[in-house]
2 protein chains.
Amino acid sequence: MPVEYERSIFLEALRERGMRVTSERLVLLEEVFRQHGHLDAEQLLERLRLHGHKISRATVYRNLDLLVECGLVRKYRLGQDRFLFEHVHRGQAHNHISCRECGQVVEFVSPAIASLLDEICRAHGFEPDENTVQVLGLCGICARSSRPRLATAS
Amino acid sequence: MPVEYERSIFLEALRERGMRVTSERLVLLEEVFRQHGHLDAEQLLERLRLHGHKISRATVYRNLDLLVECGLVRKYRLGQDRFLFEHVHRGQAHNHISCRECGQVVEFVSPAIASLLDEICRAHGFEPDENTVQVLGLCGICARSSRPRLATAS
DNA sequence: GTAACTGCAAAGTATTTGCAACAAG
DNA sequence: CTTGTTGCAAATACTTTGCAGTTAC
């Protein structure tokens, strides 16, 4: 099993809270860590079922939130409509650029930005998470097909 | 009327599209520009009604999107649950830090970050909007009342 | 055994849409 | 008068919740 480390964290977190270790929880953990990238609840559900697991939508939602609680998963609202979930990658802070129009997401890393933001956040009394910058823009495709907006003054 | 400039842009945009100038549209424009800050559709509706205007929720939603289309308003998903709208302030790019927990939003400006991002975005084929950086974190209050997350390795 | 967990279906929430009445041009 | 617009209420889409049956411990 490829997620030993996270699994042990998870088990410990469950124990701490007096929560139970169920097969649904373990299987969801596995699936979330199976690959890199952002997934929504529905996609996760689909994949779980493809891999032959019986699990309900409600359980997926409930336990995704639990994984977020345990610090193993991050929950984003990058698309306009649904939440995206992504497992935490240790020591690999990264940020997101997402397209305002089509929702496509790409990741980037920038220590320079990170430290500038850190400073700014603290100045405002905020505590930034490690990977927390979301840039909105237009991807190449959408940029080409969209009209110009309000003139930015003279 | 304090929004002459935006009003004229709006009227022109409506004309261009063969759309009609209705009192609901004008009144919504006024309200959005009445003050700085982020408002959701519901708040806007409430304020419009407080100011004595009869307007339906559907019309507010429809015309907020229209104002976005016209480049007069920006639509964000800063909170987890609903969209926030903010009128465009000419020449004043700014970014948002929002609290993951309570949704509180503060703004900041950073030319240094802006230019770094510009570079990064272009490298990824994206065209960043002027004000597009959203940082997620915890505000002072929520940070204090929340438990520590996943240890960031040794 | 008992309290937590699951699955189901029903409820919620924010937003969108169909349609008939209304109004701008 | 003609076509866009409004208001209403119903529909959506995603997510959450109540509850009875199931299962971990």
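Quick caveat, the model's predicted, so the values are computed rather than measured. Convention: sequence-line order gives letters A, B, ...; per-chain numbering from 1.
- For A:E42 and D:dT15, the CD to P distance is 9 Å, given to the nearest whole Å.
- Rounded to an integer number of Å, the gap from B:D81 CG to D:dT15 C1' is 12 Å.
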Please report the C-alpha distance between B:F85 and B:V32 in whole Å, then the side-chain angles of each, then the deciding distance to 0.1 Å, and finally whether the side chain to side chain contact (heavy atoms under 4.5 Å, CB included) criterion is met. CA-CA 8 Å; B:F85 297 87; B:V32 169; 5.9 Å; no
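- Here the CG-CD1 distance, from A:L117 to B:I113, works out to 3.5 Å after rounding to the nearest 0.5 Å.
- Straight-line distance from the CD atom of A:E69 to the P atom of D:dT16: 13 Å, rounded to whole Å.
- Between the CG atom of A:D40 and the P atom of D:dC14 there is a distance of 8 Å, given to the nearest Å.
- Straight-line distance from the CZ atom of A:R62 to the C1' atom of D:dT17: 8 Å, rounded to whole Å.
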Donor-acceptor pairs are to be reported for all side-chain atoms of residues 58-68 of chain A against protein atoms at under 3.5 Å, with residues two or more places apart or in another chain.
{"from": "A:T59", "atom 1": "OG1", "to": "A:S56", "atom 2": "OG", "distance (Å)": "3.1"}
{"from": "A:N63", "atom 1": "OD1", "to": "A:R25", "atom 2": "NE", "distance (Å)": "3.0"}
{"from": "A:N63", "atom 1": "ND2", "to": "A:T59", "atom 2": "O", "distance (Å)": "3.1"}
{"from": "A:D65", "atom 1": "OD1", "to": "A:K75", "atom 2": "NZ", "distance (Å)": "2.9"}

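- Between the CG atom of A:L14 and the C1' atom of D:dA24 there is a distance of 12 Å, rounded to whole Å.
- Using modelled atom types and a 3.5 Å distance limit, the side chains of B:R77 and A:Q134 yield no donor-acceptor pair.
- The listed nucleotides are D:dT6, D:dT3, D:dA24; the one nearest the side chain of B:T22 is D:dT6.
- Judged by distance alone with a 3.5 Å cut-off, no donor-acceptor contact links the side chain of B:R17 to the base of D:dG4.
- Across residues 43-61 of chain B, B:R57, B:A58, B:Y61 each have a non-hydrogen atom less than 4.0 Å from an atom of DNA chain C (numbered order).
- Ion pair A:E69/A:R17 flagged as a salt bridge, since at least one NZ, NE, NH1 or NH2 atom sits closer than 4.0 Å to an Asp/Glu carboxylate oxygen.
- B:E24 comes within 4.0 angstrom of sugar-phosphate atoms only, judged by non-hydrogen atoms across all strands, and of no base.
- With D:dG18, D:dT5, D:dT6 as the choices, the nucleotide that has an atom nearest any side-chain atom of B:R20 turns out to be D:dT5.
- No salt bridge links A:E46 with A:R49; every basic N to acidic carboxylate O contact stays at or beyond 4.0 Å.
- Atom CZ of A:F83 is separated from atom P of D:dA13 by 18 Å (rounded to the nearest Å).
- A salt bridge between B:R34 and B:E31 is present, with a side-chain N of the basic residue lying under 4.0 Å from a carboxylate O of the acidic one.
- Side chains of B:E86 and B:H94: a donor-acceptor N/O pair is present below 3.5 angstrom, by distance only.
- Nearer to the 5' terminus of DNA chain C, by closest-nucleotide assignment, is the contact made by A:G18 (compared with the other of A:G18 and B:V21).
- First and last contacts of DNA chain C with chain B, using any nucleotide atom under 4.0 Å from a protein heavy atom and ordered 5' to 3', fall at C:dA14 to C:dG25.
- Residue B:R25 is in sugar-phosphate contact alone, with no base atom involved, counting any heavy-atom pair closer than 4.0 Å across all strands shown.
- For the 3.5 Å distance criterion, the side chains of B:R82 and B:Q43 fail to qualify, holding no donor opposite an acceptor.
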